[in-house]
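The structure under discussion appears below in the form of structure tokens.
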Amino acid sequence: MIDIHTHPVQIAELHDADPTLGPAVRDVFGLFVKPQPLTTYFAQLDAAGIERAVVLAIDCTTAHGCTIVSNDQIATLMGMSERLIGFASVDPSSSTAADDLRHAVSAHGFAGLKLDPALQRFAIDDSEQAYPVYAACVELEIPVMVHCGLSWARVGRSALAHPLLLEQVVHDFPELRVIIPHLGWPWVNETIMLAVKHQNVFVDTSVLFSGTPSDSLRHVVENVIGHEVFDRSMSGQVLFGSNYPRVDPKRAAHAVRELQLRPSLEQKIFSANALRVLGLDGKDAR
Amino acid sequence: MTSIVKRFGITTEHDTQLIDITGRVRELIAETGIKDGVANVMTLHTTTAITVNEGLPDLEDDLLELLADLAPPERPYRHARFLHSDGQMAVNAPSHLRGALLGMQVILAVEDGTPVLGSRQTIYFVELDGPLFREAIVHVHD
């Protein structure tokens, strides 16, 4: 089982080594709880039945003067456990962003790129700033996770994270694997539209707006999307994501199990689809 | 009056878990040097509890099962929303309610530097929303 979506912003070891991380997590990411030891993070994955997890960086240098967390910190975590799969982040507002990504992937073996337009304050469809980064992803054969929908960070601007802004991007980069987290909520229909049309568009299950993860995901899957759409048209494109630490992985995983999907579909969501989007089906990678 | 507070940490490993802390409490009381008085063993969290019961695995399972029955996960709790002061989803109402049922502390008499306990009494730290790193205190005064 793979969790495609965790933010290692609560790891005490990272906070202890970097006093600038706490203010960035609090003031920009908007998380106000105490750090926990890395062992607790792994125990939480264990409690959810998660074997491996993607740890995401976010480079907000231009927008907020910080990273949450940095590529080097992600690399440090990867060095601590083979359970962790690192996604780099670069700042699309920087003219060196594409080269920064090439260097980061070459140096650390990151398996993907994380972008958050709501926090990083860039235009998803900006051909001058963002397109070179997408081109680098294609060249490096890595997926990009682009935050779409509600941004819980107070300084986040969800208007910059509308999934329809990705339509031109996926048209112009047909080989680019794009992960839309949170099923794009509240723009679920727009997200599903992209996914049913483009097979390189993936979604993750971390829908969190009100109620338990089970409440939110059941509402979206049963009332908005429909089980049958997942099964018929997107079975290879749905990924399990918890969005830790916005919610506990155990409850996020329970939400998917409670949907009582066809077992073969649940297996794809929990594992096979992630292996495919990460390029790990048939090979190992960090 | 002498009053000493000893803090200690517990790394829990499961969602719900009873952890025998009797030995730890004995050690911390002894460290205070207070021979005769009162010890208050208290958790610093609202989704954990402190309780005393007979230290048997079957009773531990029965207790956790009873708590799950009394505060089941599927009820439409109000505490199921984004908690802005934390920046996290607050979706653990059953954990809070189970903790409320058991209570946050136990009070023990201290005699000759040791807690007065019956032969079948075990002091438990009860995890109700783990796994997490937790903290508790032993407050001893004469």
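In what follows, chains are A, B, ... by sequence order, proteins preceding strands, each numbered from 1.
Within residues 53-60 of chain A, no residue has any heavy atom under 4.5 Å from a heavy atom of chain B. For a heavy-atom cut-off of 4.5 Å, chain B lies close to A:Pro245, A:Arg246, A:Val247, A:Asp248, A:Lys250, A:Arg251 in residues 241-261 of chain A. Taking non-hydrogen atoms and a 4.5 Å limit, the residue list of residues 214-225 of chain A in contact with chain B is empty.
When heavy atoms are compared at a cutoff of 4.5 Å, A:Gln36 approaches chain B solely by way of its side chain, counted from C-beta outward. With a threshold of 4.5 angstrom between heavy atoms, A:Phe209 approaches chain B through N, CA, C or O but not through any side-chain atom.
Nearest heavy atom pair, residue B:Gly87 against residue A:Phe32, reads N-CD1, 3.9 Å.
Between the side chain of A:Gln44 and the backbone N or O of B:Pro131, at least one donor-acceptor pair lies under 3.5 Å.
Summarising the geometry, atom CD belonging to B:Gln88 is positioned 11.0 Å from atom CG belonging to A:Leu208; distances are rounded to the nearest 0.5 Å. Here B:Tyr77 contributes atom OH and A:Thr212 contributes atom OG1; the two are 11.0 Å apart, rounded to the nearest 0.5 Å. The CD atom of B:Glu13 lies 10.0 Å from the OG1 atom of A:Thr40; values are rounded to the nearest 0.5 Å.
For the salt bridge (charged side-chain N to carboxylate O under 4.0 Å, His left out) condition, the pairs that include at least one residue of residues 110-128 of chain B, sequence neighbours left out, are B:Glu54-B:Arg120, B:Glu127-B:Arg134.
Considering only heavy-atom pairs separated by less than 4.5 Å from chain A, the leading option among B:Thr12, B:Asn92, B:Thr11 is B:Asn92.
Taking the six-membered ring where tryptophan is involved, the planes of A:Trp152 and B:His84 are perpendicular, since the angle between them exceeds 60° and thus also 30°.
No side-chain heavy atom of A:Asp46 sits under 4.5 Å from any side-chain heavy atom of B:His14.
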